[in-house]
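Letters go in sequence order (proteins before strands), and every chain restarts at 1. Only heavy atoms go into these numbers, but all of them, side chains included; no hydrogens, no water, no symmetry mates.
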Amino acid sequence: MIIAIISLILLHYLKRPMGLIKVSPEWVRIFNGGMIAAGVLWIVIGFNIPIISDLARILSFILIGLIVYVTLKTEDLQHRKGMVYAWLPIIGVEIIQALVEIISESFYKRYETYFEAAGVFAFIWAIAMWVNNSKQRKALELEKLKAMQREKEFQITESLKTQLERQVAQRTKELTNQKNELQHALKDLQAAQNQLIHAEKMASLGELTAGIAHEIQNPLNFVNNFSDVSTELLTELKEELEAGNKEDAMEILEDVIQNLGKIHHHGKRADSIVKGMLLHSRSSTGQKELTDINALADEYLRLSYHGLRAKDKSFTADFKLEEDPSLEKMNVVPGDLGRVLLNLINNGFYAAGEKKKELAEKGNTEFLPKVTVSIKKVDSGVEIRVRDNGKGIPEDIKAKIFQPFFTTKPTGKGTGLGLSMSYDIVTKGHNGEINVISEPEEFTEFEIKIPNQ
Amino acid sequence: MKSKILIVDDEKDVELLFRQKFRKEIKSGTLELCFAFSGDEALGILDSENPPQVVYVFSDINMPGMSGLELLAKVKERFPQINVSMISAYGDSQNYEKAMNSGAKEFFTKPIDFESLKKEIGGMIKEN
Ligand SMILES: [Mg+2]
């Protein structure tokens, strides 16, 4: 009878889900059938009908044997193994007890107490196993839960990952587009910059043309005058020689020789001005060559002065070059450095001229604008100062003057590129420095330091 | 009598040119030339003698510092008896009118035509 009840209990648990593990509906049907069989057997055994009940008992042994066998051997039911092991001693004791009772009742009666003791131990075993099983099961379930949690987290991470990847791909595409657009814009800007630099060069060349014309006219006048006077002198020389005045003839000859030197000198002067002009107008090759800085400063100081003078007849100013004869030729880009000097000198004359205008409006006509360029040899190279006695630069503007397009001149008077180009030429082109000091209403001085290259 | 003439030009070689062109006159002692290379220097020379020996000033216009036109005005203001003529590379009407209005006697253009200059100086020597 107990075996049938145990069968019922085992079957009941087998068909129930354990935690998250469920058995298939097929198994549930089989177990239900088993439970009905066990129930019938229990009742039949209970009526205690001779032979039939004994048969039922044997059938119940077969049934439980089947249950144990199937549970231990079937993959799907591995999770109920522990339960079967728990019940196994009780089942064993019961079967042996029943078999012994059937075979020899007297033997059974004699050792009944032992069988009962074995039954109690088996029962204790079952409870211990059950407690242990449920503990293991809980741990297992926890583990399973954790695994599920991890799976869930993994899925969330995965979906986040794909989402992120999508976003990254989109941003990359956007950035690539932006990069392309910027590159395009940069190219346009560079082209515009080149055009502006060219325009600035041409503008300053335009300012220069009058000065250049004057500067070429002067030496050419000398060439013409000295060659004319030499022709006259040679005629006189002939007369003196014919008259036998050797002393006078020698004197005239000395003059002619000197004049030829002068013709050569002024021819060279015109030549260097034309070369300087070409140097100024052509785009810089950036080629450094040994250059006489004193001569370069002299040339551009004159060009600037005469250019402004030719443009504005009322313009009067003084200029002065303080050379340093000890300065040897230096390796610079003459066209570029000349442009820097021209720019600074032009600015100087402009600032001093503006101050003269302002003072004249107040009735003071004594002020004479002046620009001084001084060259000084230093150990590291050369220092060039361009100083004007103009209005000075206000402190708040000083920081901005080297920025491109910054100009205080009225529209149309300056491109605003002169100083920024000068800055680039000195710092980038010659590893030098350009600084400005100024006292408002007193003076402005630009200081260029160019190291030996 | 010897006539003293002052020539003002910022180009120093002008002196050499004039001394050669007027070699005979200088040698014969009818002409004395002196030179200044800026307006200030010219005024200094005129101020150094009282009354100034110079009877005629020929001045360039385009000079650093004081321009020839400014010098003209100053000379005419202080020494009205001295003749002043301009010699300029810029023979434009603006310069010409300004010079004439300020009391210039003649206006010569560069390159200097020494024939007309000699005529002008010769006339002055005769007057003296
Ligand atoms: Mg001059």
| field | Derivation and outcome, salt bridge (Lys or Arg N to Asp or Glu O under 4.0 Å), residues A:D248 and B:K27 | value | CA-CA 11 Å; A:D248 287 343; B:K27 232 179 174 180; 3.4 Å; yes
Q. Should A:R269 and B:E11 be marked as a salt bridge (Lys or Arg N to Asp or Glu O under 4.0 Å) after you check the CA-CA gap, both sets of side-chain angles, and the distance that decides it?
A. CA-CA 13 Å; A:R269 204 176 127 193; B:E11 296 272 2; 2.8 Å; yes
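For NZ of B:K118, the number of neighbouring non-hydrogen atoms (other residues, nucleotides, ligands) closer than 6.0 Å is greater than 12. Within 6.0 Å of atom NZ in A:K376, 12 or fewer heavy atoms from other residues, nucleotides or ligands are found, so the atom counts as exposed in its surroundings. At most 12 non-hydrogen atoms from other residues, nucleotides or ligands lie less than 6.0 angstrom from NE2 of A:H264. For CE of A:M250, the number of neighbouring non-hydrogen atoms (other residues, nucleotides, ligands) closer than 6.0 Å is 12 at most. No more than 12 heavy atoms of other residues, nucleotides or ligands sit less than 6.0 Å from atom OH of B:Y96. For B:Q81, the CD atom is densely surrounded, since the number of other residues' heavy atoms within 6.0 Å is greater than 12. Around atom CD of B:E115, no more than 12 heavy atoms belonging to other residues, nucleotides or ligands sit under 6.0 Å away. Taking a 6.0 Å sphere around CD of B:E49, one finds it holds more than 12 heavy atoms contributed by other residues, nucleotides or ligands.
B:G65 approaches A:T316 most closely through the heavy-atom pair O-CB, 4.4 Å. Closest non-hydrogen pair, B:D13 versus A:F226, comes out as O-CZ, 3.7 Å. Scanning both residues, B:P64 and A:F319, for their nearest heavy atoms gives CB-CE2, 3.5 Å. Closest heavy-atom contact between B:I112 and A:N225: O-ND2, 3.6 Å.
A 4.5 Å side-chain heavy-atom check between A:E232 and B:K21 finds at least one atom pair inside the cut-off. The shortest side-chain heavy-atom distance between B:M66 and A:D318 does not fall under the 4.5 Å cut-off. Inter-residue side-chain proximity for A:V229 and B:F18 is flagged as unmet; no heavy-atom pair is nearer than 4.5 Å.
Of the two parts of B:R23, only the side chain, counted from C-beta on, holds a non-hydrogen atom closer than 4.5 Å to a non-hydrogen atom of chain A. Heavy atoms of A:L233 lying under 4.5 Å from chain B belong exclusively to its side chain.
For the set B:L16, B:I61, B:V14, the entry with the most heavy-atom pairs within less than 4.5 Å of chain A is B:L16. When the candidates A:Q217, A:H266, A:K370 are compared by the number of heavy-atom contacts under 4.5 Å with chain B, A:H266 comes out ahead.
Between the CD atom in B:Q20 and the CG atom in A:D255 there is a gap of 4.5 Å [rounded to 0.5 Å]. Considering CG of A:L368 and CG of B:D40, their distance stands at 8.5 Å, rounded to 0.5 Å.
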